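First comes the structure, then the notes that go with it.
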Amino acid sequence: MTENLFAELRRWVLEEILILFPELPAEVCAKIEVTPTRDAAHGDMATNAALVAAKPAGKNPRDIAAALSQALTPRTGIAKAEPAGPGFVNITLDAEFLLRQIPVMLTAGEAYGQGADKAEKINVEYVSANPTGPLHVGHCRGAVVGDALANLIAKAGYHVTKEYYINDAGAQVLALGRVVYFRYLQALGLPAKAEAYAGSVAGGMQYGGAYLEPVGEAFAAEYGGKFIDAPEADWLATARQFGVAKMLELIREDLAALRVYFDIFSSEDALVQAGGVARGLAILENAGLIYQGVLEPPKGKTPEDWEPREQTLFRATAFGDDVDRPVQKSDGSNTYFANDIAYHADKMARGFTQMIDVWGADHGGYVKRMQAAVKALAGNTSANLDVVLCQIVRVMKDGAPVRMSKRAGTFVELRDLIDEVGPDAVRFIMLMRKSDAQMEFDLNAAVAQTRDNPVFYVQYAHARARSVLRAAGEVSGLADADVSSLQAPEELALIRKLIAWPRIVETAAQAREPHRVAFFLYELAGDFHALWNAGRDDAALRFLQAERPVETKARVALVSATAIVIRSGLAVLGVQPVEEMR
RNA sequence: GGACCCGUAGCUCAGCUGGAUAGAGCGUUGCCCUCCGAAGGCAAAGGUCGCGCGUUCGAAUCGCGCCGGGUCCGCCA
């Protein structure tokens with residue numbers, strides 16, 4: 001018993017088309033698809049096989065469509081197959097064949113839609129915010145998109161590792177260490193003034209937020225007066241580590257509030273200490289991709305202090321990048337890019353040939369060079385890096401944007417957003433947009449209990465379904481129910497939507513687009529609400545019919561299947577199904 | 001100057017990797033809902049898919065060139 005009916009029908013189409021044209025090249029077959037029809041008048045499914053095969057077969061697409069239709073029609077499960085339009089074949093399934101999927105859903109439960117084991121590891125890295133403070137709203141979209149994408153790819157049958165890269169090696173965490181020390185002096189009651197202290201801090205007084213006050217206190221509690229008059233060299237490493245550990249705790253709490261969890265946290269510092277950077281660069285060095293050179297200044301926008309400098313460069317242009325990229329600064333120390341190369345080399349050494357990074361839009365200019373580096377590292381082997389960019393989110397309230405700039409002092413933390421609308425709304429709404437498009441997050445809509453709040457609408461559908469199931473009480477042998485009475489247009493529309501779920505999982509995972517799941521659930525909820533509403537106009541369509549146990553059982557099976565698919569989809573999005581609306 | 005993302009209904013956005021008559025919600029307009037499943041329901045109006053070439057049986061979708069918005073551009077992370 002197969003789950004993905006579209007994949008099954010595609011196999012049938014392929015079998016028949018290869019009987020008609022045994023010589024059809026594999027790359028042509030690969031383009032053949034079986035898709036849901038937009039219009040119910042076109043049947044349940046349509047295939048483009050005749051259109052795709054027309055040119056290589058040297059025949060008119062309509063003729064092929066006619067022949068293919070004839071070949072498909074006798075198949076068990078197909079009620080009708082007919083040529084249409086420029087050369088489509090529209091397929092109408094036997095209702096009985098369609099309905100047979102309901103027990104499949106009931107038996108599979110929330111696992112319905114789970115793809116077959118692809119026996120392939122995929123690493124999904126996201127958030128990776130610097131451990132210098134709590135997460136802010138800007139991190140939120142990447143966290144949600146990355147998490148849902150990882151769930152989605154796992155659902156499609158891949159072995160997914162969710163990874164967070166801790167940038168605990170650069171100048172920023174040193175700045176954090178200095179501020180921790182400053183807060184420590186304060187905690188001990190010493191007259192350390194921010195202005196005076198800032199002057200003595202290399203890189204200025206970043207991360208001065210109040211959230212570091214308790215860190216200073218904890219540091220004081222741990223080390224007492226030990227570091228009061230000590231030189232920086234004595235305390236900096238300790239303060240940095242202490243600060244990073246505390247910030248990671250903070251970040252993990254923020255992530256937990258958003259229900260985002262990782263399989264692994266990788267430390268940049270640990271990688272550097274273990275010699276990973278030298279190891280990564282050596283791979284490129286051995287491939288002859290590292291050289292000394294001088295870069296041209298960017299045209300049209302030459303920095304004031306520009307002067308030509310010789311640097312160690314990676315030949316990124318050999319792999320599709322626009323210019324070669326520095327891996328070492330002019331003083332010989334490594335660039336951040338060098339560490340990133342090392343980090344991806346490390347992932348590859350851990351057996352990942354498929355990697356996905358979720359980044360903010362401000363890193364868009366970084367994509368080509370990182371992909372170039374991965375290709376270079378792979379050498380003759382195959383490895384691939386996909387980058388999902390998340391564009392900016394504008395938070396709106398009462399029709400006006402909520403200011404979020406740090407400078408304006410209204411720096412909105414992720415926690416504020418979650419407290420305002422709850423993790424479910426944050427997650428679902430963030431996923432109602434394609435990640436590479438800018439979006440507006442409307443705080444008013446996010447808490448509204450109407451159809452324009454998608455998370456409410458979907459959860460309400462689930463709650464209604466559960467309410468029916470509670471009212472129905474224990475119904476035994478649901479998976480064996482006679483469902484042949486399900487014939488109303490609204491019922492069949494709902495079933496057609498339900499059987500699309502495995503296909504959505506597959507296509508959305510392949511496209512790395514979790515938002516398709518959110519849209520699917522929204523549509524599914526719409527179909528279910530429509531059926532519910534039909535029962536208001538026509539009592540005969542209500543789910544529970546005291547006088548008609550057979551029909552009732554069939555409908556309860558359908559409602560149960562609907563609840564299962566909604567739960568299955570919400571699980572991918574990381575949104576909780578609710579039993580009742582309160 | 002260059003790279004990347006976006007441009008679809010009044011607004012916010014989908015459009016399933018080139019398919020059939022371009023969709024949804026909000027908003028607008030009209031009708032329905034005193035109770036029995038209404039924190040609502042049904043329906044209508046609303047589009048030169050930014051513009052122009054090109055590729056082909058076919059383009060919102062692919063290519064090129066413009067226009068507009070955004071992100072970014074040697075040693076920052």
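Source: prediction; values computed, not measured. A, B, ... follow the sequence lines: proteins, then strands. Residue 1 opens every chain.
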Over 60° means perpendicular and under 30° means parallel, so tell me whether His139(A) and His136(A) are parallel, tilted or perpendicular. tilted
For the base of A38(B), is there a side-chain donor-acceptor partner from Asn533(A) under 3.5 Å away? no
Quick check on G15(B): is either OP1 or OP2 less than 4.0 Å from any side-chain nitrogen or oxygen of His515(A)? yes
Would U28(B) be called syn or anti here, given the cut-off of 90° from 0? anti
Do NZ/NE/NH1/NH2 and the carboxylate oxygens of Arg325(A) and Asp340(A) come within less than 4.0 Å? no
Taking the side chain of Arg536(A) as its heavy atoms from C-beta onward, which of A20(B), G41(B), A3(B) lies nearest to it? G41(B)
Need the pair for G23(B). Rule: Watson-Crick or G-U wobble, both distances under 3.5 Å, any strand; none if unpaired. C13(B)
Ile504(A) atom CD1 is separated from G15(B) atom C1', nearest whole Å, by 12 Å
Who does G58(B) pair with, Watson-Crick or G-U, both distances under 3.5 Å? none
The single option from Phe528(A), Phe428(A), Phe519(A), Tyr522(A) that satisfies ring pair (Phe, Tyr, Trp, His ring centres under 6.0 Å) with Tyr457(A) is Tyr522(A)
It should be established whether Lys31(A) places a side-chain nitrogen or oxygen under 4.0 Å from OP1 or OP2 of nucleotide G18(B). no
Of all the heavy-atom pairs spanning Leu389(A) and Gly364(A), show the shortest one and how long it is. CD1-CA, 3.7 Å
For U56(B), take OP1 and OP2 only and decide whether either is under 4.0 Å from a side-chain N or O of Lys55(A). no
Are any of Lys368(A)'s side-chain N or O atoms less than 4.0 Å away from OP1 or OP2 of C4(B)? yes
